[in-house]
Protein chains: 4
Amino acid sequence: MLAPRKRRKEARPAELLEAALGLFVEKGFTATRLEDVAARAGVSKGTLYLYFENKDALFKAVIQEGIIPVIAENEAIAARHTGCSFALLEILLDNWWSKIGQTAFAGIPKLMVAEARNFPDLARFYYEHVISRGRGLVGFALRRGMESGEFRSMDVETTIDVIIAPILMLLIWRYSMSCCQNSESDPQLYLRIHMDLLRQGLRKTENETQV
Amino acid sequence: MLAPRKRRKEARPAELLEAALGLFVEKGFTATRLEDVAARAGVSKGTLYLYFENKDALFKAVIQEGIIPVIAENEAIAARHTGCSFALLEILLDNWWSKIGQTAFAGIPKLMVAEARNFPDLARFYYEHVISRGRGLVGFALRRGMESGEFRSMDVETTIDVIIAPILMLLIWRYSMSCCQNSESDPQLYLRIHMDLLRQGLRKTENETQV
Amino acid sequence: MLAPRKRRKEARPAELLEAALGLFVEKGFTATRLEDVAARAGVSKGTLYLYFENKDALFKAVIQEGIIPVIAENEAIAARHTGCSFALLEILLDNWWSKIGQTAFAGIPKLMVAEARNFPDLARFYYEHVISRGRGLVGFALRRGMESGEFRSMDVETTIDVIIAPILMLLIWRYSMSCCQNSESDPQLYLRIHMDLLRQGLRKTENETQV
Amino acid sequence: MLAPRKRRKEARPAELLEAALGLFVEKGFTATRLEDVAARAGVSKGTLYLYFENKDALFKAVIQEGIIPVIAENEAIAARHTGCSFALLEILLDNWWSKIGQTAFAGIPKLMVAEARNFPDLARFYYEHVISRGRGLVGFALRRGMESGEFRSMDVETTIDVIIAPILMLLIWRYSMSCCQNSESDPQLYLRIHMDLLRQGLRKTENETQV
DNA sequence: AATGAATGAGGCTTCATTCAT
DNA sequence: AATGAATGAAGCCTCATTCAT
């Protein structure tokens, strides 16, 4: 077991990233003061600059460290799935919900949306490593279902977007306008209705018309 | 023909609002400098304050002049609609798409999402005057369809959110991550698929189970 | 009788001065906005500049027009006084109180005190035409009383200052800190006590010691 | 010997307060630019905000550090005084004169009078912490003297005002109109005459009439 | 003579970043 | 490695002054 001092030093970057994530998610990039990040991580303002070149670098590190592992996990799940395709969509959503939707990472989508224009290279990174792979997962399930005759035929790439949208909005809303709603919305119900509409909406029927 | 001075005077507010909308959407609320708004409208900083009390008021005016009329128009459409309920949803969407989705106002949802937390005042204003009324419209169509037996029974409030989400995401995406996509997405197709999934997803079937 | 339009034009400067006096007294020089002065006088901002070169000039005009006539009146009273000297002091105070203390001019001393440093030439004007002559009046009464044996001998110039101070403070207070007092002070009682202390304080006694 | 950096750090607040006092007294509260305060203390604008939250706080600190201790000291003097009451008044005046009247703090009364209306917050702070306690001191001496039969009976609260007025005016004058006087006035003589008039004016005589 | 739209300098305050210790 | 004092650029907003009508 390492001496506490030593442990401290090695844990610093992670502690700073966690503090930064919390504040970025809570207040947005511009409104987050580095002094507050440092304070939340229990160090001084100057120390932050020993680990991250500047505010932008800190932001990029927060995003990059945050979210990728969950995607990989879902890719493995999809690869070994054997049941029907709609069930796969449900499993992927469940896992994503428990690993992202119910953790601090839930704030990332809103953060990315808000700042993408100001950080184009970061947006590209996020797109390639998170969004693109996430869309790939949904696309895999859709194509699989269409080929097996479970789903009707539709333009896959666009359908992916339509399917993902309510899931992203659920989180984006939570970190933006939700403060204005007096009635708490129920995310479980929201997701259930979304999947419910999809189950029936995707299903292949007798008098199928090509889209 | 009016004297130029006079003509300017009357055109000023509209010119300023247009400049403000453009910059708000492009850079966000905080990052937009009032001096730049003034410059884009071809006047000096101080002039802006002759027409709008402060930055908040300018923002509210942008919303007031640009978005609220469309909401009101849609409310009128809904009130006098006589056909089936799904057709009403389609008409409302069409109108909203041509008046908002295809204009500079399309950037507002992303703007609101990005800044809501830091400007609760503006968020509340937007919620009350836009979101709340927009949800009311969708809710009206849903309830109407459920009562007539056209739609199956679902939790209305939550379904509203699920239905609106893809429409909002379409715009939010356009003003955030879209720069990372190499293939241009087709909003018409996107909206058609959304409505297609909904048409089938909302429909009441033989073996109906309550949700 | 002149036409109203004509009357208006000739009355403008006086109306503007009255409005300016009111606002200067209420808010001080810097905090008074010329737009408010114009509004109170019922004209537009630009009109003000037709009559006064700038804000400084307006301030000087306010002071210069305001207060001199009362001094002249008191000088006449003193010249023809025949009774005892303390009675003269009381008469002068009474007149000053009713002509200045109970009118809008009461705010001038505070105004001069606050701005003297920023308007040295105006301060000099005020000193020569108001303060100096006011001190002369009190000095006249004091010397008269000392010569007649009614008052004990004291350094006249300094005694003048000591006597005038509470009278000025009464007004200065009213236009500055009085807002912080919960109990309304009674100026009549204040002046009576001041004169009471003076009556006994100035009187020549048996065992007189030179000061 | 302390490192220079460290020494500076500890000296900063006092240096800033001194610079602020000087400029406040010289130019007034509004006309004093924080940048000038910082420059006079030899630091940059931003540094000032490390020590004082804003302009108001800086002002309050000036009062807090400079004037309130003298009030407290005088309260202690009054509490342990055993001689006659007029002597107490003289001692209090002497102490106040040497600690305030002969220092840069002498400019504060004029400053307060000039700015009270526009900064009710500051006025209230000053009233509660300085004026109110100062009046309490004089009131204490007056009541003490009336009870012992040394002074005649008068309305105490109003008499306090009358007594304090010349002392305040002495300072107010020095920081306002004094520049217009060619003959330098002698504050020592002024205060002596004031106390002389008071000594005789307050004294209880044979044929006492209630006021 | 009168208007009021337009200007732009100026001050308070915030905060990312630097650097001496 | 760590600190935190110091810096100064940047933005909102006010208002005296100008000037075309």
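Chain A is the first sequence line, chain B the second, and so forth, proteins listed ahead of strands; every chain is numbered from 1.
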Determine the minimum heavy-atom distance between B:A104 and B:L21, stating which atoms define it. CB-CD2, 3.5 Å
Under 4.0 Å between a side-chain N/O of C:Y51 and OP1 or OP2 of E:dA2, yes or no? yes
Can you work out whether B:L48 or D:D56 has the more 5'-proximal nearest nucleotide on DNA chain E? B:L48
Within 45 degrees of the axis of the six-membered ring of C:F119 and under 6.0 Å from its centre: does C:K60 put its NZ or CZ there? no
C:K110/C:E115 ion pair, N-O < 4.0 Å: no
Checking contacts here: which listed nucleotide (E:dT17, F:dA16, E:dT13) is nearest the side-chain heavy atoms of C:L34? F:dA16
Could you check how far CG of C:D36 sits from P of F:dT14, rounded to whole Å? 13 Å
Starting at atom NZ of C:K55, determine the distance to atom P of F:dT17, rounded to an integer number of angstrom. 8 Å
From C-beta outward on A:S44, which listed nucleotide comes closest to its side chain: F:dT3, E:dC15, E:dT3? F:dT3
If only side-chain N and O atoms of B:T47 are considered, is one of them under 4.0 Å from the OP1 or OP2 phosphate oxygen of E:dT7? yes
Round to the nearest Å and state the distance from B:F29 atom CZ to F:dG11 atom C1'. 12 Å
In whole angstrom, give the distance that lies between atom CG of B:L58 and atom P of F:dC12. 11 Å
So, do A:K55 and A:F29 sit near enough that their side-chain heavy atoms are less than 4.5 Å apart? yes
B:E53 CD to F:dC12 C1', straight-line distance once rounded to whole Å: 13 Å
Let's test this: given Watson-Crick or G-U wobble pairing with both distances under 3.5 Å, identify the partner of F:dA10. E:dT13
Has the side chain of A:K45 got a donor or acceptor atom sitting under 3.5 Å from an opposite partner on the base of E:dT17? yes
Just checking D:L50: base, sugar-phosphate only, or nothing, at a heavy-atom cut-off of under 4.0 Å? base
Only pairs with both distances under 3.5 Å count, Watson-Crick or wobble alike; so what is the partner of F:dA20 in this structure? E:dT3
Whole angstrom value for the distance that separates C1' of F:dT17 from CZ of C:R33: 14 Å
Whole Å only: how far is the CZ atom of B:F59 from the P atom of F:dC12? 15 Å
Salt bridge (charged side-chain N to carboxylate O under 4.0 Å, His left out) assessment of D:E35 paired with D:R40: CA-CA 9 Å; D:E35 188 152 16; D:R40 184 179 282 206; over 6 Å; no
Round to a whole Å and report the spacing from CD of A:E35 to P of F:dT3. 13 Å
Using a 4.0 Å heavy-atom cut-off across all strands, classify D:T32 as base, sugar-phosphate, or nothing. sugar-phosphate
